[in-house]
> 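Let me begin by handing over the structure; questions about it come next.
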Number of protein chains: 2
Amino acid sequence: MTKAALAAKAPEERRERILRATIAVVRERGFAGARVTDIAVEAGTSQGLVLYHFGSLAGAFAASLTLLEDEFYEELERNLSEVVGPVPRLRHIAELGAGYGPAVGDWRLWLELWVRAIRDDDARAARESLDTRWRGALRQVVDEGLAARVFATSDPKASVLRLAALMDGLAIQLALADPGMTTGKFTELWWKSAVLELGISPVNTATGPQGGRKKR
Amino acid sequence: MTKAALAAKAPEERRERILRATIAVVRERGFAGARVTDIAVEAGTSQGLVLYHFGSLAGAFAASLTLLEDEFYEELERNLSEVVGPVPRLRHIAELGAGYGPAVGDWRLWLELWVRAIRDDDARAARESLDTRWRGALRQVVDEGLAARVFATSDPKASVLRLAALMDGLAIQLALADPGMTTGKFTELWWKSAVLELGISPVNTATGPQGGRKKR
DNA sequence: GCCTATCCTGAATGACCGTTCAAGACCTCC
DNA sequence: GGAGGTCTTGAACGGTCATTCAGGATAGGC
């Protein structure tokens, strides 16, 4: 049965490989430039199989969005759990945005998603869900900070909205490699706004003392 | 000669009409969805003429970007001159972003430009120029305010960067009609940030007294 | 060990669309 | 008033894909 079980999983694995390939290709060429053939090659299968599983190219796009959502959620949670205490956590978020990984590529993917969301309902739903979740996470950190009295804001919801929007706006410049924008500047610009927005006192600004990053 | 002069202008007028049509079509369908035929129909001419003037569809896109830049500059200047004094001017900017016109459509065009800028050099150059100019205008207002001692910031450049980025970020939500985002909220969220960022005292917050909008 | 449903392939199909082109209109300048 | 350039047209061309399809492989149930 072990062999059977493994074998039974094969089609499912193929399917997922195609979804990952779809995301990779979109990241590379954008929705507008992604071809069925590109996806098939990237996934190491045939065009036919892409269509067999998802019915159409648009279907593959749509399906890949839900994978994207799932992974985003997962990674977000993993990332935030790495760090304790509202201030370090917020600082961590500032650094996450700049990303230690292939952040520029990721932000480009985000831009692609925004534009697709203008005209495609699946994309619209996905980006809305992603954004809501993301703002929710930020909100949670803010609430923690308020409860601990290290943050102060009269309108947490508005503060979160602004901080989230600021990150998107800075991300555009990062994604487009605007001259003068670097990951370091990204982090510092956002962090400074967060400090201002949430009335974090300079005493609390240092990340060292009350918690801090675990590593990396 | 009057008739001759008018006639001589005709080709040039056609050309410009095509460029405007190009922008209109891109606004409507995005770069990815804009066809030569769409542009021709929108401009009331033939496909052939579009290619005759601009060599290729990409050429028409590129040329339309410079028209876009020109008009953006012009409108920006016109808009800012409508109002005097740093605080009212800043407030005016907050309202401009939300736009009393077809702002949502315009922001969508902006999104399109951002994504195209990822892979197309003309678009990259255009958006960079647009953005630089825009930040320059904001900077000028900030400097005015600093000189008049109604604004206070330790790092005007960073403040401008943040306020510009925040506007872009909020614009995404406006463009995508994120539930809960309206033009009114857009203005207020941004304005509140500007007040915080530039240390505008509540006394100066009211737009009425020392200058204010002219009308509309 | 066959049978059937699922999975998979890649060649064939056909639509779409950018670009080319041959022809004609129109203007200007001589 | 006509020669020669610039404009303008729309039909024809050719390339690029998404999608279809006919046929195989594979595997689990009988």
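Lettering follows sequence order; numbering is per chain, from 1.
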> Nearest 0.5 Å, what's the CD-CG distance between Glu197(B) and Leu166(A)?
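If we round to the nearest 0.5 Å, Glu197(B):CD and Leu166(A):CG are 9.0 Å apart.
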> Whole angstrom is fine here: how far is it from CD in Gln47(B) over to P in dG10(D)?
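That distance rounds to 9 Å.
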> Among the nucleotides dC7(C), dT19(C), dG10(C), which one has an atom lying closest to any side-chain atom of Ser56(B)?
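Between dC7(C), dT19(C), dG10(C), the one nearest the side chain of Ser56(B) would be dT19(C).
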> For Arg135(A), look at atom CZ and say whether over 12 heavy atoms of other residues, nucleotides or ligands are found less than 6.0 Å away.
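It does: Arg135(A) CZ has more than 12 such atoms within range.
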> In whole angstrom, what separates Arg15(B)'s CZ from dT6(D)'s C1'?
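After rounding, the gap between these two atoms is 14 Å.
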> Taking atom C1' of dC7(D) as reference, at what distance in whole Å does atom CZ of Arg17(B) sit?
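In whole Å, dC7(D) C1' lies 15 Å from Arg17(B) CZ.
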> Using atom CD1 of Ile18(B) as one end and atom C1' of dC7(D) as the other, report the distance to the nearest whole Å.
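It is 11 Å, rounded to the nearest whole Å.
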> Judged by each residue's nearest nucleotide on DNA chain D, which is more toward the 5′ side, Arg35(A) or Gly48(A)?
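Here Arg35(A) is the residue nearer the 5' end.
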> Roughly how far apart are Leu96(B) CG and Leu80(B) CG, rounded to 0.5 Å?
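These two atoms lie 6.5 Å from each other.
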> Within this structure, what is the CZ-to-P distance between Phe61(B) and dG18(C), rounded to whole angstrom?
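These atoms are roughly 8 Å apart.
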> Between dT8(D), dC8(C), dT19(C), spot the one nearest the side chain of His53(A), thanks.
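Of the candidates, dC8(C) comes closest.
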> Base, sugar-phosphate or nothing for Ala40(A)? Non-hydrogen atoms, less than 4.0 Å.
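Since no nucleic acid heavy atom lies under 4.0 Å of Ala40(A), the category is nothing.
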> Side chain of Leu49(B) only, heavy atoms from C-beta on: which candidate in dC8(C), dT8(D), dT19(D) is closest?
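For Leu49(B), the side-chain atoms sit closest to dT8(D).
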> Can you identify which nucleotide, out of dT19(C), dT9(D), dA18(D), has its nearest atom closest to the Thr45(B) side chain?
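When the side chain of Thr45(B) is considered, dT9(D) is the closest of dT19(C), dT9(D), dA18(D).
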> Taking everything shown except Arg29(A) itself, do over 12 heavy atoms lie less than 6.0 Å from its CZ?
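Atom CZ in Arg29(A) is not packed in, count stays at 12 or less.
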> Is the shortest side-chain N/O distance from Arg14(A) to OP1 or OP2 of dT26(D) below 4.0 Å?
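No, Arg14(A) has no side-chain N/O under 4.0 Å of OP1/OP2 on dT26(D).
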> Between Arg29(A) (CZ) and dC17(D) (C1'), how many Å, whole number?
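Result: 13 Å.
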> Given dT9(D), dT6(C), dG10(C), which nucleotide is nearest the side-chain atoms of Tyr52(A)?
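For Tyr52(A), the side-chain atoms sit closest to dT6(C).
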> Give the rounded distance in Å between these two atoms: CD of Glu12(B) and P of dT6(D).
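Rounded to the whole Å, the gap is 15 Å.
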> Quick test of your reading of the model: are Arg124(A) and Asp120(A) salt-bridged, counting only N-O distances below 4.0 Å?
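Looking at Arg124(A) and Asp120(A), the cut-off is not met.
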> Could you give the CD1-to-P distance, from Ile39(B) to dT9(D), as a whole number of Å?
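From Ile39(B) CD1 to dT9(D) P: 15 Å.
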